[in-house]
Amino acid sequence: MLRAEIETTLGELELELELAVEAGECLALAGPSGAGKSSVLRAIAGLLRPARGRISCNGETWLDTGGRINFAPERRRCGYLFQEYALFPHLSAWENVAYPLKEVPRRERRAKAVALLGRFGLAERADAAPRSLSGGERQRVALARALARRPGVLLLDEPLSALDARTRAAATREVAQVLRDLDVPAILVTHDFTEAAQLGDRVGIIDAGRIVQEGSASELASTPGSAFVADFSGAVVLEGQAHSGAGGLTIVALDGGGEVASSDIGAGRVGVSVHPWEITIETVTGEHPPSSALNRLPGVVTTITTIGNRVRLGINAGQPLVAEVTAASVEGLELAVGSPVVASWKAAATRLVAL
Amino acid sequence: MSALSRLWFSLAVTIALAVALTFLILPILAIFLDTGPAALIDSLGEETARDALLLSLETTAIALAIIIVVGTPAAYFLASRRFRGRALLTTLIELPLVLPPAAAGIALLAALGPNGIFGAELDALGITLPLETAGVVVALVFVASPFYLRQAQASFAAVDPTIVDASRTLGASEAHTFARILVPTALPGLATGGALALGRALGEFGATLMFAGALQGVTQTVPLAIFDRFARDFDAALALSAVLVAISAAILLATKLLDGPDSLTRAAR
């Protein structure tokens, strides 16, 4: 269990937040750049000393500004994955991984480091210099290094943002696997809500140094507490199995039943991402008019949240789905919690993301 | 621009470069061309020349060791800590770079000479610097250390701060991080700084003469020996100069190679 209360001023930004993460759980902090996401990780790792705060992990207090406790970073056992990976340029891949293995006898370090690299399929690259590794390989070396010391907390700073789209899918699976296997609290920060939804068990939306809303990704998207959260938690992600269909489209059989088409290419397990404002809502009254929207999912309205002149509808369509419509539409269609509806949207507005 | 005026301009810059090159290289070549190599080597066999060379190597080596041992952590402090007056401190440390050597010699005498501010304290400790080899070392450290400090500070500041953070989160203390991460990654820059300080120390003349004097075998380094001889035995002075030029050229070449093995041959972009 990791608990942190942090209060500090960083230039223009006033960081003030509180969080608690259970062992085996991943909290994803999502927010725009400059919101203070990385500073939260730095404060937990001891790289930044907040003006006021308390941080404890598994009952051990790392920081208590009132009680004058402030553990140095090296005493906090944080596995920290840096955004640009921060590999030591003068050390080979295995030497990078062996760097934290100070308790392992010198003769056994290489074997131990190569074994760790092997978990990420990089045993043959053990002697490579960081500059000769690809972006994806660097990320995996950095992950192996962060895990080498059996950390008490895992901190991931934008783990996927330095990768190109092609590598990102594999890296996402890699990070998700690490998060599943590791029985420690994990915090991931990202500017990408879809990434937070994919990798976080819980998502906290962070804006101007504060966590403005916290919950599951679908909760945040369906019942956003503010316009900021509504905009930021744009895409909803449905899970399913992809196969290629007619006309070059990809067909995804959704886990909760139903099928959707996408103009993106994909195969195997995928996430289907669609923006709430791309979704049209019809009430089920019989024949539907001809439409260019290929995707039609029946469901039931579960929540109705008004944000200014927009309304977020939470819909149970086998999996939670979110649509955004105007208040006038809600009135015109006489929507209420429990109303049966059909959500439809275009295949061209349907993005596939790796799972 | 018309074709003619472009041609004129090209011609003008080419002539300027030719003049500059001739002016800079001719005197250096003259050292080697004025007397034959045999005469040069002969005059190096003299006792005074050998003494001067050995003394120069010894004092420069000791001075460089002191500069590196004290200067490396000091430069790290300046590069890694943020505090009030840091810019002022950096400027103060760089002051000896622009100080005229004669003024540096007087300054050292005023501080550490027998009648200087700390003269009595040094005397009580049994330390005499003027007219002693130790005085030469002090003068060399004083004039040469800013070259190292400045370069080392810049090299440490250029190290990616996230790798320093990474080292700390991986269980390394600040001291361990300094030794295992910072120094190795800043090493090319530190070596360049060391070479610059070495070159400056080897050629040091004014401050050494003022502060330590020119006693053969005790404080008469190669530059002082060259000065001492040039009126009496011009060939001998040339021979010693040739040695200094050769060593300086080697240092320059080494720093260029540290910058990258192909930095001498690659065409400028």
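We name chains A, B, ... by the order of the sequence lines, and we start the count at 1 in each one.
Residue contact with chain B, scored on non-hydrogen atoms closer than 4.5 Å, is absent for A:Leu155.
Under a cut-off of 6.0 angstrom, the local environment of CZ in B:Phe83 is crowded, with over 12 non-hydrogen atoms contributed by other residues, nucleotides or ligands.
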Quick one: donor-acceptor pairs under 3.5 angstrom, chain B versus chain A?
unit_1: B:Asp165; atom_1: OD2; unit_2: A:Arg42; atom_2: NH1; d: 2.8
unit_1: B:Ser167; atom_1: OG; unit_2: A:Tyr99; atom_2: OH; d: 2.7
unit_1: B:Arg168; atom_1: O; unit_2: A:Glu74; atom_2: N; d: 3.4
unit_1: B:Arg168; atom_1: NE; unit_2: A:Glu74; atom_2: OE1; d: 2.9
unit_1: B:Arg168; atom_1: NH2; unit_2: A:Glu74; atom_2: OE1; d: 2.7
unit_1: B:Arg168; atom_1: NH2; unit_2: A:Glu74; atom_2: OE2; d: 3.4
unit_1: B:Thr169; atom_1: O; unit_2: A:Arg149; atom_2: NH2; d: 3.3
unit_1: B:Gly171; atom_1: O; unit_2: A:Lys102; atom_2: NZ; d: 2.7
unit_1: B:Arg180; atom_1: O; unit_2: A:His90; atom_2: NE2; d: 2.9

